[in-house]
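Below: the structure, in structure tokens.
Values below: every heavy atom of this structure, side chains too, minus hydrogens, waters and symmetry copies.
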Amino acid sequence: MLELPASRLQGALAKREEAKWVLENLGEKEVLWALDERGQQYSSVELSKRLEAEQMRTHRLCLVIGGDEGLDASLLERANLVLSLGRITLPHRMARLVMVEQLYRCFCILKAEPYHK
């Protein structure tokens with residue numbers, strides 16, 4: 001897990017700076033999931049199927065949660081999946097916690113473990 005420090009820049013400049021750093025440090029074959037309020041919503045079972053398909057393509061999945069201003073268009077364009085956790089607004093750290101729990105749930109679903117119930 002890598003958390004970028006808050007940018008000294010504001011608005012679009014901050015988003016562009018964040019996107020530039022992420023894109024420069026992202027491998028060509030890495031799968032990028034971007035969390036954005038305008039993204040697709042999945043059930044846990046649907047997300048686990050998507051995760052399983054992505055595991056066939058790569059050994060590394062990169063999740064990006066934007067800052068207060070959201071994500072730059074360049075990151076959204078590069079993303080293999082733009083995912084929404086719902087229409088509610090969550091603090092950054094809460095969104096991270098929810099996403100980690102959902103990934104754990106997805107792996108449990110894929111392994112047919114009882115956690116999902």
**OP:** Hey, could you give me each pair passing ring-ring contact (aromatic ring centres under 6.0 Å, His included) that has a residue in residues 77-114? Not counting sequence neighbours.
**Re:** Tyr104-Tyr115
If I take atom [atom1] from residue [X] and atom [atom2] from residue [Y], how far apart are they, to the nearest 0.5 angstrom?
X	Y	atom1	atom2	value
Leu47	Leu81	CG	CG	7.5 Å
Glu101	Leu103	CD	CG	9.0 Å
Leu85	Leu35	CG	CG	5.0 Å
Gln55	Arg57	CD	CZ	12.5 Å
Glu30	Leu61	CD	CG	9.0 Å
Leu75	Lys20	CG	NZ	13.0 Å

Original post:
Hey, is the main chain of Leu32 close enough, under 3.5 Å, to the side chain of Asn80 for a donor-acceptor pair?
Top reply: yes
Original post:
Which salt bridge (charged side-chain N to carboxylate O under 4.0 Å, His left out) pairs, counting each pair once, include a residue from residues 76-87, with sequence neighbours left out?
Top reply: none
Original post:
According to the salt bridge (charged side-chain N to carboxylate O under 4.0 Å, His left out) rule, which pairs have a member within residues 40-50, sequence neighbours left out?
Top reply: Arg50-Glu54
Using the rule that two of Ile, Leu, Val, Met, Phe, Trp, Tyr join whenever any of their side-chain heavy atoms come within less than 4.5 Å, decide whether [X] and [Y] are in one cluster.
X	Y	result
Val100	Ile88	no
Leu26	Leu83	no
Tyr42	Trp33	yes
Leu97	Met99	yes

Looking at every heavy atom in both [X] and [Y], which two are closest together, and how far apart are they?
X	Y	answer
Asn25	Trp21	ND2-O, 2.7 Å
Leu51	Cys106	CD2-CB, 3.7 Å
Ala79	Ala34	CB-CB, 3.9 Å
Ile65	Leu71	C-CD2, 4.3 Å

Original post:
Hey, does Arg38 have a side-chain heavy atom less than 4.5 Å from the side chain of Ser84?
Top reply: no
Original post:
With a 4.5 Å heavy-atom cut-off, do Asp72 and Glu17 have their side chains touching?
Top reply: no
